[in-house]
Protein chains: 2
Amino acid sequence: MNEMNADMSSQLSNPVTIDDIAKRAKVHPSTVSRTMAADPEKLTPRRRKILEMAREMGYTPNVNAAALRRGASDTIGMLVVSTFLQYPTSSQLSTASFAMRAAAENALRLITDFYNWGTQWTPDADLPIPQIVRERRVGGIIATGTWAQPQFDQILSWKIPACVVGQLKNVPESLCSVGMNIRGGMYEAVQYLAALGHRKIALMIGGPKHIAHVQQQQAFEQATREFNLAGGEQWLIRADIDSPKTARPLAEGYHLTLQLLDRSTDSRPTAIIYGNDTLAIGGLQAAAKRDVDVPSELSIIGTSDTFLAVGSEPQLTSIHEDHHQMMTAALRLVEMQIRNQNIPQRHMLVDCPLIKRQSCAPPAPGTPGS
Amino acid sequence: MNEMNADMSSQLSNPVTIDDIAKRAKVHPSTVSRTMAADPEKLTPRRRKILEMAREMGYTPNVNAAALRRGASDTIGMLVVSTFLQYPTSSQLSTASFAMRAAAENALRLITDFYNWGTQWTPDADLPIPQIVRERRVGGIIATGTWAQPQFDQILSWKIPACVVGQLKNVPESLCSVGMNIRGGMYEAVQYLAALGHRKIALMIGGPKHIAHVQQQQAFEQATREFNLAGGEQWLIRADIDSPKTARPLAEGYHLTLQLLDRSTDSRPTAIIYGNDTLAIGGLQAAAKRDVDVPSELSIIGTSDTFLAVGSEPQLTSIHEDHHQMMTAALRLVEMQIRNQNIPQRHMLVDCPLIKRQSCAPPAPGTPGS
DNA sequence: GTGAAAGCGCTAACAC
DNA sequence: GTGTTAGCGCTTTCAC
């Protein structure tokens with residue numbers, strides 16, 4: 001073990017370089033370099049031998065040298081951006097987690113940085129080029145968070161591999177983007193409830209400041225019209241969940257659902273769609289409190305399909321948000337740009353399918369109990 | 001704006017180097033380099049001028065060149081490790097999020113990588129040096145997850161700046177570590193309930209495979225003995241929450257709490273401590289179902305103090321786990337090693353104070369309702 | 001397909 | 001405190 005340890009640490013104090021391999025293979029270092037860059041499928045016998053030697057000797061390329069020479073790193077940077085918040089919200093952080101995992105699965109390297117311009121930014125001002133880009137620490141970026149159109153243009157002006165991710169509007173044609181089709185998910189949810197026989201469906205979402213909430217509302221209204229369901233303001237419930245410092249989504253879901261359940265029969269919904277799973281869990285607690293059975297007396301649909309949806313009793317039907325797929329796509333788009341490959345499709349939309357579990361059923365016949 | 005854009009992208013295509021500054025300041029490049037490395041507080045007038053010029057010209061050091069020359073990057077790597085799981089759990093990912101945020105706040109760069117040896121690792125086998133280290137992409141590492149003692153020794157043998165983080169046992173003296181004092185938090189929770197007058201306190205935690213759960217149980221048992229409370233196996237409830245694929249913590253909390261509430265008076269707890277907040281939320285739902293008021297008829301304490309604890313109704317008293325502080329400390333320890341500063345304290349323990357909110361009260365007088 | 005040679009931008013050892 | 005010099009490990013011209 002001592003010997004092995006010595007060997008281990010010598011891997012770091014005296015790492016194998018391209019020159020070492022060249023000497024041993026009796027070729028010029030540049031040949032080794034070319035071999036490493038070539039397609040490993042089609043190698044001449046000589047190159048095959050070089051590659052094998054490199055493996056034997058435990059060669060790992062020094063990425064700093066490569067990045068210095070090339071002028072660009074192969075690490076991808078992720079900018080978590082917020083126009084409104086001084087501190088990143090937990091959803092932004094969880095977005096970052098998904099990106100990290102997607103990166104690891106695809107053998108890509110990812111550095112995250114927060115990019116807060118607070119309230120200082122005006123459309124005239126230039127966005128500063130992010131530090132991690134100027135340092136040449138990263139060769140491309142993924143941008144998540146709240147961006148507006150002039151900012152997209154500025155990202156383009158940096159002329160670096162980039163991809164914006166999330167709820168998007170007016171992305172320039174030449175800037176890569178990966179969005180989430182939350183309208184589709186909402187539509188599917190309403191359609192499902194309508195098909196089960198529900199006519200009185202409530203929607204509980206956050207304020208209209210966030211594009212996501214606006215899109216949810218629009219899709220909801222479009223679907224209720226299309227399926228000829230009860231409409232109007234009384235079915236739209238605004239929950240105060242947008243301020244990360246003070247928001248209490250569980251309590252909001254609980255209290256607002258209690259209010260809905262306590263309405264008179266006519267205006268009492270038989271199904272509720274929640275803008276996130278946490279609100280829905282609060283709703284579940286309210287149903288338990290009023291002894292209303294889910295799903296036989298009340299159908300519930302969550303949004304995001306988090307561990308809460310799978311873990312609850314009953315398990316929640318929820319609109320799935322596939323952050324993993326979104327991030328994987330975004331990372332690939334940036335990687336292709338870094339490698340100068342051509343991109344078949346610059347803009348992608350990740351589907352949000354409705355995951356059907358146990359929290360929905362046809363409405364109770366006759367007057368629902370109260 | 002066109003002009004500015006040109007300026008922006010030229011920042012990247014023709015970045016200012018140390019040589020440019022040297023030429024303009026009519027000094028040797030090495031003088032500029034030394035100036036950048038010096039303490040900005042105490043500079044000679046000449047150096048002060050150099051620094052100002054650098055700022056004017058928009059100089060950003062090329063980290064690749066610096067890392068190549070120095071032989072080590074200033075980026076910190078984070079290894080998310082798991083002995084048991086093929087895929088990182090959400091708690092591991094959230095750990096990673098906290099680390100990213102702590103890094104951003106301290107102007108440190110962090111790359112995350114997952115390090116899975118699955119079930120293959122044996123004490124005899126050498127751990128491979130992580131890829132991000134061998135590539136020289138990072139100059140030091142933070143290791144989180146489940147580690148055993150022989151693995152600590154191997155990390156030491158890599159002879160790189162390192163710090164292990166999390167629930168720890170038998171860390172070698174010379175390896176930096178930051179732990180979480182979950183025993184202390186559990187002790188405090190029991191003490192608080194005992195002081196309120198509770199004698200029948202149940203603990204609902206995961207299986208004994210995880211060090212954290214073992215420590216929670218030990219601290220619980222020690223405290224119940226010390227405060228002379230009802231003891232024995234009937235107060236320890238095992239929840240199945242350890243398998244990330246199948247775990248349904250909310251449902252577990254719900255069903256197991258129902259069982260507790262349905263016990264006969266003697267063996268029915270007046271307070272329940274949960275191993276995590278999600279279980280506790282399930283408990284809250286069970287209480288609502290049985291129309292048991294929290295806190296007047298049942299006191300509840302969660303663990304981790306997540307957004308669920310703050311957001312629920314009533315708000316949960318919870319044992320706080322300060323991942324942010326833990327990660328900040330760990331990052332600092334690695335940074336100090338990278339910078340060759342001497343470290344006052346190699347081992348730290350982050351406190352887990354009990355955050356008192358609304359879910360605890362003295363037990364109901366007489367027989368609790370059922 | 002290969003070898004020769006240059007150099008990416010920076011830091012550190014050395015002499016003064 | 002400064003200038004000189006060398007070189008970290010790699011990639012990419014160029015000529016053959």
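Chain letters run A, B, ... following the sequence lines, proteins first, then strands; residues in each count from 1.
A 4.0 Å heavy-atom criterion places the boundary nucleotides of DNA chain D facing chain A at D:dG9 to D:dT13, written 5' to 3'.
Sorted by first and then second residue, the salt bridge (Lys or Arg N to Asp or Glu O under 4.0 Å) pairs with a member in residues 328-344 of chain B read B:E335-B:R339; sequence neighbours excluded. Within the structure, salt bridge (Lys or Arg N to Asp or Glu O under 4.0 Å) pairs that include any residue of residues 34-48 of chain B do not occur (at least two apart or interchain). For residues 50-72 of chain A, the salt bridge (Lys or Arg N to Asp or Glu O under 4.0 Å) pairs, not counting sequence neighbours, are A:R24-A:E56.
Looking only at distances, a side-chain donor or acceptor of A:Q337 sits under 3.5 Å from a matching main-chain atom of A:A162. In this structure a side-chain-to-backbone donor-acceptor pair under 3.5 Å is missing from A:R137 to B:V63.
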For this session: Start with the C-alpha gap between B:N62 and A:L68, add the side-chain angles, then the distance that decides, and say whether side-chain contact (heavy atoms from CB on, under 4.5 Å) holds.
Result: CA-CA 8 Å; B:N62 181 324; A:L68 174 60; 4.1 Å; yes

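For A:D113, the salt bridge (Lys or Arg N to Asp or Glu O under 4.0 Å) partners at least two apart in sequence or on another chain are B:R109. Under the rule for a side chain to side chain donor-acceptor pair (under 3.5 Å), A:Q149 has no partner lying at least two apart in sequence or in another chain. Checked against side chain to side chain donor-acceptor pair (under 3.5 Å), B:T35 has no partners two or more places apart in sequence or in another chain. Shown here are the side chain to side chain contact (heavy atoms under 4.5 Å, CB included) partners of B:A102, two or more places apart in sequence or in another chain: B:H324, B:M327, B:T328, B:L331. The side chain to side chain contact (heavy atoms under 4.5 Å, CB included) check on A:I338 picks up A:I76, A:P161, A:V334, with sequence neighbours excluded.
The OG atom of B:S73 sits 6.0 Å away from the CG atom of A:N64 when rounded to the nearest 0.5 Å.
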Problem set entry | Nucleotide-resolved protein contact map, nucleotides 5-11 of chain C, B/S/- at heavy-atom distance under 4.0 Å | BBBBBBB

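Within the helix from C:dG1-D:dC16 to C:dC16-D:dG1, the inter-axis angle between the opening and closing five-pair segments is 20°, rounded to 10°.
Contacts between residues 37-55 of chain A and DNA chain D, defined by a heavy-atom separation under 4.0 Å, are absent.
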